[in-house]
Novice: 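This structure is in structure tokens; I'll ask about it shortly.
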Protein chains: 4
Amino acid sequence: MSAEKNKQQLKKELSYQNIVETATKLFAQNGYDKTSVDDIMKESGYSKATFYLHFESKDEFFLHLMDYRLKQFEEEFFKLFKPENNLKQTILNGLRLFFELTERDLWAPIFFEFWSHAMRNDMIKERMQDHYSKWIRLASSVFEQARSTENLPNTINTEAVASLIIALCDGFNLQNQINANLKIDVG
Amino acid sequence: MSAEKNKQQLKKELSYQNIVETATKLFAQNGYDKTSVDDIMKESGYSKATFYLHFESKDEFFLHLMDYRLKQFEEEFFKLFKPENNLKQTILNGLRLFFELTERDLWAPIFFEFWSHAMRNDMIKERMQDHYSKWIRLASSVFEQARSTENLPNTINTEAVASLIIALCDGFNLQNQINANLKIDVG
Amino acid sequence: MSAEKNKQQLKKELSYQNIVETATKLFAQNGYDKTSVDDIMKESGYSKATFYLHFESKDEFFLHLMDYRLKQFEEEFFKLFKPENNLKQTILNGLRLFFELTERDLWAPIFFEFWSHAMRNDMIKERMQDHYSKWIRLASSVFEQARSTENLPNTINTEAVASLIIALCDGFNLQNQINANLKIDVG
Amino acid sequence: MSAEKNKQQLKKELSYQNIVETATKLFAQNGYDKTSVDDIMKESGYSKATFYLHFESKDEFFLHLMDYRLKQFEEEFFKLFKPENNLKQTILNGLRLFFELTERDLWAPIFFEFWSHAMRNDMIKERMQDHYSKWIRLASSVFEQARSTENLPNTINTEAVASLIIALCDGFNLQNQINANLKIDVG
DNA sequence: TATGAATGAGGCTTCATTCAT
DNA sequence: GATGAATGAAGCCTCATTCAT
């Protein structure tokens with residue numbers, strides 16, 4: 001009985017995973033609007049109706065996907081990120097890790113797809129604000145901790161600096177999209 | 001006869017202008033895919049068919065619009081940009097001007113709309129590459145000129161620095177879209 | 001074993017009852033076409049597939065439901081209907097009872113739903129013809145019996161009169177659906 | 001120029017008429033829910049999109065159709081209805097005319113389709129209330145005028161009587177739908 | 001030049017029904 | 001007996017585009 005249930009459950013989870021992965025890929029490649037539910041389901045090998053077994057609508061799905069991907073990215077980062085005693089080293093670690101993760105799969109295009117929607121949809125905007133708050137808080141805390149071990153001037157607004165570093169990363173990724181030759185040499 | 005022709009031409013240019021302005025606004029507000037030709041033409045006050053008098057297709061129109069806007073932005077910038085003897089001052093001037101122009105109208109969202117398409121369409125990607133080349137060349141040249149007057153180390157890759165400064169600006173604008181409180185204090 | 005079977009049978013009858021009651025309510029509220037099998041089963045608390053354990057299809061189910069409801073209505077009526085020696089009193093009794101039953105539950109809307117389908121489906125039309133035949137026969141027989149006790153002219157077509165009285169009731173119920181203030185003062 | 005405009009206008013009116021006529025027929029035959037926009041447009045010989053040139057949605061169209069048909073019915077009735085000095089004659093005239101119009105086209109089924117929706121949609125309910133108010137007012141006024149010429153008891157509630165006569169007509173039409181042999185011999 | 005009418009193709013969503021468990 | 005997963009078919013609606021005037 002429990003095994004049976006497990007089997008059905010597994011089957012559903014499988015289709016779920018499949019849909020999410022496929023959609024991520026297609027959204028990254030063609031954008032949200034140019035990717036139809038039909039496209040997603042044909043590529044996943046399930047019927048269109050199966051999509052609506054899992055999600056209420058295409059829009060609701062996008063929100064879901066965002067949460068899923070953003071959280072996944074954060075988790076992977078936090079799992080691997082190792083702060084060091086040396087501030088510079090910590091920053092370099094962080095940047096290196098960030099760009100590594102970014103290059104995996106099609107993270108950058110899907111991420112800018114999130115951005116694009118955040119500008120026009122308040123619910124999505126909130127999600128992005130939360131996401132950025134987390135990064136800024138992290139970077140900020142690194143600087144704060146470094147205040148005691150390194151000679152950081154007290155006047156430095158750590159949040160502003162964190163924000164700018166993140167801006168730099170995003171802007172770099174943006175340019176990277178149209179100029180793949182661009183290479184950053186972290187360290 | 002020539003006067004007549006002139007009149008017609010003027011009229012056509014007027015409707016052209018009108019369409020482009022309206023479309024820019026709507027694309028900025030709702031994005032390319034969520035803005036229909038119908039929307040644009042209803043808002044401009046012309047009939048839908050008039051659109052196809054001016055442009056071959058919606059896609060071709062987007063290319064037009066991009067060229068038009070990008071060129072306009074560049075022209076406004078170059079018209080007002082005043083390099084100074086002092087490098088720092090020149091940079092600050094440039095940044096201040098850039099952010100001023102950026103805040104006008106709905107430049108940032110329409111600009112990221114261009115980005116979004118550049119990632120997926122080679123023709124548009126080329127336009128964006130050209131655009132960025134120009135900015136990088138400009139910034140780069142500023143640094144080169146400064147080499148003689150300021151003590152810039154010869155090892156500095158001026159193109160890389162230019163690229164990073166631009167990345168910073170774009171990244172900042174990106175964050176600004178979801179966090180309007182963000183304020184940069186140039187200078 | 002027999003007890004077990006009985007238990008199962010009872011269970012099945014229970015779910016059957018439940019489905020029919022729920023469906024009646026939903027059909028009355030929203031109409032047949034606007035009520036999905038899903039709606040019915042969610043509201044009854046059973047799974048969608050259970051529906052097909054009991055019925056072959058939604059259409060076949062509607063037939064079931066009609067028979068069930070029509071018979072139930074007739075039974076309730078005939079159980080309570082008491083013909084009297086006095087014709088007028090008998091008629092008033094009948095009308096009063098009819099309107100009482102009609103006001104219960106959501107009889108009127110579900111009944112007109114039957115009508116709606118009877119106009120377009122021959123099988124359902126037959127059911128309705130049978131139903132009406134019964135009523136007309138009943139009313140007719142009342143008049144016939146009254147011929148001896150009251151001074152009914154022999155020329156009266158009792159079936160036609162019966163038919164018209166029933167028409168009056170239906171028409172009244174119809175108006176009642178959109179004008180709840182309408183009140184008949186039987187007697 | 002005016003002629004040209006007229007031609008276009010005529011063309012549009014033609015397609016409009018065509019759609020409305022076809023839809024009336026199909027709604028009468030198969031009911032609103034079982035008639036798709038596709039069905040209507042295939043039968044009218046226009047493309048599906050043309051439907052949305054004229055109407056905002058299928059629902060809005062139904063409202064429109066109702067208004068159109070109800071008004072048409074009323075107009076035809078009032079055009080032909082001739083009140084007489086003799087009350088009985090006037091009533092017979094009215095009934096005869098009513099049943100004549102009712103038998104034309106597929107008035108009865110489409111009319112009960114309106115009813116069916118009126119029970120579940122407030123906007124449609126209002127339309128039907130208005131419609132009935134008109135008939136009751138008409139019949140009522142006939143009785144009022146008859147008070148002076150005929151010996152109508154002052155205690156008669158003319159509105160109630162009007163309402164019941166109309167109920168009778170509707171109920172008769174209802175039965176007529178499933179029993180075409182039913183014939184009323186007015187007069 | 002300008003436009004209103006018309007459309008084919010496609011997008012999102014729902015639903016009655018089947019089937020493996 | 002009961003159910004969750006899955007689906008083919010169909011429904012409503014939108015949109016970029018064409019064409020006759």
Side-chain angles (χ1 to χ4, degrees), chain A residues 1 3-16 33-41 45-59 61, chain B residues 7-9 11-12 15 33-41 46-59 61, chain C residues 7-9 11-12 15 33-41 46-61, chain D residues 1 3-16 33-39 41 45-59 61:
Chain A
M1 185 77 184
E4 266 178 38
K5 200 172 176 181
N6 232 339
K7 208 170 174 184
Q8 289 240 205
Q9 237 173 264
L10 245 60
K11 211 175 161 192
K12 187 165 188 184
E13 266 165 39
L14 188 68
S15 66
Y16 173 93
D33 288 301
K34 286 278 181 348
T35 303
S36 70
V37 173
D38 219 12
D39 291 340
I40 299 171
M41 299 315 285
Y46 292 86
S47 86
K48 223 190 315 185
T50 299
F51 181 87
Y52 292 92
L53 216 65
H54 292 287
F55 312 102
E56 278 196 356
S57 69
K58 200 190 171 192
D59 275 5
F61 171 62
Chain B
K7 219 174 176 180
Q8 289 256 202
Q9 236 173 269
K11 212 174 164 190
K12 188 165 183 183
S15 64
D33 287 298
K34 288 276 174 12
T35 303
S36 70
V37 173
D38 218 14
D39 291 339
I40 298 170
M41 299 314 285
Y46 292 86
S47 88
K48 216 190 322 185
T50 301
F51 181 87
Y52 291 90
L53 237 55
H54 289 287
F55 313 101
E56 275 195 358
S57 71
K58 199 188 172 193
D59 277 3
F61 169 62
Chain C
K7 221 174 172 181
Q8 289 255 202
Q9 235 172 272
K11 213 175 163 190
K12 188 166 182 184
S15 64
D33 288 298
K34 288 276 174 12
T35 303
S36 69
V37 174
D38 218 15
D39 291 339
I40 298 170
M41 299 314 285
Y46 293 86
S47 88
K48 217 191 319 187
T50 300
F51 181 87
Y52 291 91
L53 236 56
H54 289 287
F55 313 101
E56 275 196 359
S57 70
K58 198 189 173 194
D59 276 4
E60 189 251 5
F61 169 63
Chain D
M1 185 74 188
E4 267 179 39
K5 201 173 177 180
N6 232 339
K7 208 172 177 182
Q8 289 241 207
Q9 236 171 268
L10 245 59
K11 211 174 162 191
K12 187 164 188 183
E13 266 163 40
L14 187 67
S15 64
Y16 172 93
D33 288 301
K34 286 278 183 340
T35 303
S36 69
V37 174
D38 220 11
D39 292 340
M41 298 315 285
Y46 293 86
S47 85
K48 220 189 320 185
T50 299
F51 180 88
Y52 293 92
L53 216 67
H54 291 287
F55 312 102
E56 277 196 357
S57 69
K58 200 191 172 192
D59 276 5
F61 171 61

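Here is the naming used below: chain letters follow the sequence lines, and residue numbers restart at 1 for every chain.
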Novice: In the 5'-to-3' direction, what one-character label does each nucleotide of nucleotides 9-15 of chain F receive under the scheme B = base within less than 4.0 Å of a protein heavy atom, S = sugar-phosphate only, - = no such atom?
Specialist: -BSBBBB
Novice: In whole angstrom, what separates D:Gln9's CD from E:dA6's P?
Specialist: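 So the two atoms are 12 Å apart, to the nearest Å.
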Novice: Output all residues satisfying side chain to side chain donor-acceptor pair (under 3.5 Å) with D:Ser36, sequence neighbours left out; order by chain, then residue number.
Specialist: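 Checked D:Ser36 against side chain to side chain donor-acceptor pair (under 3.5 Å); matches are D:Asp39.
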Novice: Taking ring pair (Phe, Tyr, Trp, His ring centres under 6.0 Å) as the definition, give me every residue that meets it alongside D:Phe55, ordered by chain and number, with sequence neighbours left out.
Specialist: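 So D:Phe55 forms a ring pair (Phe, Tyr, Trp, His ring centres under 6.0 Å) with D:Tyr16, D:Phe51, D:Phe61, D:His64.
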Novice: List the residues meeting side chain to side chain donor-acceptor pair (under 3.5 Å) with B:Thr35, not counting sequence neighbours, and say none if there are none.
Specialist: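 Listed in chain order: nothing, the list is empty.
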Novice: Kindly express the pairing pattern of DNA chain E in dot-bracket notation, using | wherever a base pairs with another strand and counting only Watson-Crick or G-U pairs under 3.5 Å.
Specialist: .||||||||||||||||||||
Novice: What is the distance, to the nearest angstrom, from the NZ atom on D:Lys11 to the P atom on E:dG4?
Specialist: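 So the NZ-P distance, D:Lys11 to E:dG4, works out to 14 Å.
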Novice: Nearest heavy-atom pair of C:Tyr52 and C:Ser57: which atoms, and what distance?
Specialist: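 What the structure gives for the nearest pair is CE2-CA, 4.2 Å.
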Novice: In whole angstroms, how far is the P atom of E:dG11 from the CZ atom of A:Phe61?
Specialist: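 For the pair A:Phe61 CZ and E:dG11 P, the rounded distance is 16 Å.
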Novice: Applying salt bridge (Lys or Arg N to Asp or Glu O under 4.0 Å), name anything that partners B:Lys48, two or more places apart in sequence or on another chain.
Specialist: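 Expected list: B:Asp38.
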Novice: Using a cut-off of strictly less than 4.0 Å, decide whether D:Thr50 has a side-chain nitrogen or oxygen near OP1 or OP2 of E:dT7.
Specialist: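 The answer is yes; a side-chain N or O of D:Thr50 sits under 4.0 Å from OP1 or OP2.
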Novice: Output the rounded distance in Å from CZ (C:Phe55) to P (E:dC15).
Specialist: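 Distance, rounded to whole Å: 19 Å.
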Novice: Between B:Tyr46 and D:Met41, who's closer to the 5' end of DNA chain E by nearest nucleotide?
Specialist: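 With B:Tyr46 and D:Met41 compared, the 5'-side residue is B:Tyr46.
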Novice: Only counting residues at least two apart or in another chain, list the ones meeting salt bridge (Lys or Arg N to Asp or Glu O under 4.0 Å) with C:Asp33.
Specialist: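 Partners of C:Asp33 by the salt bridge (Lys or Arg N to Asp or Glu O under 4.0 Å) criterion, ordered by chain and then number, come out as D:Lys34.
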Novice: Between A:Leu14 (CG) and F:dA6 (C1'), how many Å, whole number?
Specialist: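 Interatomic distance, CG of A:Leu14 to C1' of F:dA6: 13 Å.
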Novice: I need the CG-P distance between C:Leu53 and E:dT17, as an integer number of Å.
Specialist: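 It works out to 15 Å between those atoms.
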Novice: May I ask you to verify if any side-chain N or O of A:Ser15 is less than 4.0 angstrom from the OP1 or OP2 atom of F:dA5?
Specialist: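 For A:Ser15, the contact criterion (side-chain N or O under 4.0 Å from OP1 or OP2 of F:dA5) is not met.
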Novice: To the nearest angstrom, how far is A:Leu10 atom CG from F:dG4 atom P?
Specialist: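 The answer, rounded to whole Å, is 17 Å.
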Novice: Listed by chain and number, what are the side chain to side chain donor-acceptor pair (under 3.5 Å) partners of D:Thr50, not counting sequence neighbours?
Specialist: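 For D:Thr50 the side chain to side chain donor-acceptor pair (under 3.5 Å) partners, ignoring immediate neighbours, are D:Ser47.
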